[in-house]
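The analysis underlying the following values was restricted to heavy atoms, covering all of them including side chains, and did not include hydrogens, waters or symmetry mates. Just follow the structure's listing: the first ligand is 1, and inside any ligand the first atom is 1. Numbers for residues simply follow the sequence, beginning at 1.
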Amino acid sequence: MQKITSVRGRLVYDSRGNKTIEVDVITDNEYVGRTSVPAGASVGRNEVINFPNGEPEKCLDAINNNSSKFVGLDPMDLKCIHETIREIDNTDNYSNVGGAFAFAITISSMESASKFFHVPLFNVLTNKSKLEFPIPLGNILGGGLHAGIGTPDIQEILICPHGSKSIRNAVEINFNVHRELQNVLYQKNLNFTGGRSDEGGWAPEINNEEALEASCKACENLGYVLGKDVSLGIDLASSTQWDQKHEKYIYKHNQLQLTQEQQIEFVSDLIDRYKLIYVEDATHQDSFDAMSELTNTFPNVFITGDDLTVTNKRILEHAIKLKSCNAAILKVNQAGSLYDALKFAQHANKNNIKIITSHRSGETIDSQIAHIGISTGSKMLKIGVVGGERVSKINELIRISEYDLIHGMTQL
Ligand code: PGA
Ligand code: ZN
């Protein structure tokens with residue numbers, strides 16, 4: 001039987017230049033699985049802790065002090081690896097060793113197993129024979145915590161090429177829209193410098209509506225019909241605007257203060273006006289009832305939980321009970337281990353919650369999420385458009401397209 005022969009961690013850097021950890025899991029002294037850990041900026045309150053006390057060094061110490069406990073295990077046995085991690089840290093939020101520990105060891109183990117068996121990673125993550133490609137969902141314009149002062153309050157405007165015929169066609173549409181949007185923004189705003197947000201979307205000094213208008217214009221200039229060839233989506237990351245004390249959403253750029261009810265009206269109006277196909281975290285992370293109002297009103301829009309559901313099976317159960325969303329983000333490091341995240345995915349699939357496997361705003365050049373998105377039956381893969389750390393995932397999708405998978409493009 002294949003066995004893990006060593007586990008080794010090191011400190012490396014993410015796309016924001018922040019320290020993170022990378023872990024090598026080696027099987028039979030030969031087959032290396034290597035994973036480095038991304039980090040969020042608009043982090044949900046119920047996510048696990050990425051690093052103990054925010055210190056990657058502490059996480060690294062934990063990895064190197066416990067590495068011998070993984071030696072001799074089967075790298076394919078995700079449950080056993082997860083349980084070994086749980087013997088080291090059984091806190092709900094991985095506060096002792098950090099979710100990054102669980103993230104990196106579990107993904108590296110499975111990658112190492114895939115190398116041992118000479119098969120792609122998605123093959124060892126699922127035994128389903130019918131696999132579909134998720135649609136790449138790309139960030140074309142950034143605001144909020146990802147872009148800073150002067151940019152729109154909406155954190156992300158996203159392009160979804162749901163009318164595309166192939167993965168290559170889909171990613172090229174996303175590149176085209178991103179490129180054309182730059183032209184539109186230059187024409188619109190003389191002060192626009194071509195600056196970009198953390199996830200590679202443009203970061204102009206315009207308001208929410210102007211940003212959405214410009215994004216629609218970019219699609220139209222290219223001859224794409226909104227709602228048919230492509231659609232726009234948004235991530236409001238509403239918890240970053242929510243002021244609990246005053247019970248209002250504070251929109252600094254648009255100088256608006258909205259009550260929960262007004263926020264629902266505001267989002268509903270955006271969905272109608274811009275024919276949005278996708279809305280993430282439309283209301284704040286504790287507002288399960290408000291989200292269910294939107295889910296009920298817009299059954300054909302991806303009403304998606306991110307900070308709301310935080311890749312946590314127990315919280316998802318609550319959201320399902322209240323019908324708070326019809327789609328949910330899967331970010332492995334919100335959950336901790338890959339085992340935790342796959343359990344979340346199983347539960348989502350069983351309950352017809354559409355999965356969107358997602359990057360973080362602080363990314364690494366790893367590309368395993370392309371495989372995780374496919375193996376979990378994700379409908380979309382939220383991986384950005386430009387920037388090396390985003391393109392690495394897009395290029396992995398292109399490589400995977402050489403395997404015989406079904407194009408899920410028309411299945412939304
Ligand atoms: P992040 O959030 O900055 O926490 O990665 C991105 C998102 O809200 O989807
Ligand atoms: Zn989000």
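The distance from ligand 1 to the heavy atoms of Arg360 drops below 4.0 Å at these ligand atoms: 1 (P), 4 (O), 5 (O). With ligand atoms numbered from 1 in the order given, ligand 1 contributes 6 (C), 7 (C), 8 (O) to contacts under 4.0 Å with heavy atoms of Gln155. Every atom of ligand 1 is numbered from 1 in the order shown, and the set under 4.0 Å from a heavy atom of Lys331 is 2 (O), 6 (C), 7 (C), 8 (O), 9 (O). Within the listing of ligand 1, atoms 7 (C), 8 (O), 9 (O) sit less than 4.0 angstrom from a heavy atom of Asp306. Every atom of ligand 1 is numbered from 1 in the order shown, and the set under 4.0 Å from a heavy atom of Asp235 is 7 (C), 8 (O), 9 (O). Atoms of ligand 1 found under 4.0 Å from any heavy atom of Glu156, numbered from 1 in the order shown, are 6 (C), 7 (C), 8 (O), 9 (O).
In summary, Asp235 places an N/O/S atom under 2.8 Å from the Zn ion (ligand 2), meeting the contact criterion. Counting backbone and side-chain atoms alike, Asp306 contributes an N/O/S atom closer than 2.8 Å to the Zn ion (ligand 2).
The cationic atom of Lys58 (NZ for Lys, CZ for Arg) does not lie both less than 6.0 Å from the six-membered ring centre of Phe51 and within 45° of the ring axis. Seen from the ring of Tyr94, Arg86 counts as a face-on cation partner, given the 6.0 Å and 45° thresholds.
Contacts of Asp281 with ligand 1, taken as heavy-atom pairs under 4.0 Å, are absent altogether. Neither the backbone nor the side chain of Ile329 comes within contact range of ligand 1; no heavy atom lies under 4.0 Å. At a heavy-atom cutoff of 4.0 Å, ligand 1 is contacted by no atom of His359, backbone or side chain.
Taking a cutoff of 4.0 Å between a charged side-chain nitrogen and a carboxylate oxygen, Lys382 and Asp235 qualify as a salt bridge. One finds no salt bridge joining Lys19 and Asp14 here, because no Lys/Arg side-chain nitrogen approaches an Asp/Glu carboxylate oxygen to under 4.0 Å. A salt bridge is defined here as a Lys NZ or Arg NE, NH1 or NH2 lying under 4.0 Å from an Asp or Glu carboxylate O, and Lys79 with Glu83 meets this definition. Between Lys393 and Glu363, at least one side-chain nitrogen of the basic residue sits less than 4.0 Å from a carboxylate oxygen of the acidic one, meeting the salt-bridge criterion.
For Phe266 and Tyr251, the distance between ring centers is under 6.0 angstrom.
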**Message:** Using the rule given for side-chain hydrogen bond (donor to acceptor under 3.5 Å, both in side chains), can you reason through Ser361 versus Arg16, listing the C-alpha separation, both sets of side-chain angles and the distance that settles it, and then say yes or no?
**Reply:** CA-CA 9 Å; Ser361 53; Arg16 280 191 276 253; 2.9 Å; yes
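Closest to the Zn ion (ligand 2) among the N, O or S atoms of Glu280 is OE2.
Annotation: Glu47 places no N or O atom under 3.5 Å from an N or O atom of ligand 1; distance criterion only. Distances between N or O atoms of Ala41 and those of ligand 1 include at least one value under 3.5 Å.
Donor-acceptor pairing under 3.5 Å is lacking for the side chains of Thr126 and Ser375. Using modelled atom types, one finds a donor on one side chain and an acceptor on the other under 3.5 Å when comparing Ser337 with Asp340.
At least one heavy atom of Ser42 sits closer than 4.0 Å to an atom of ligand 1.
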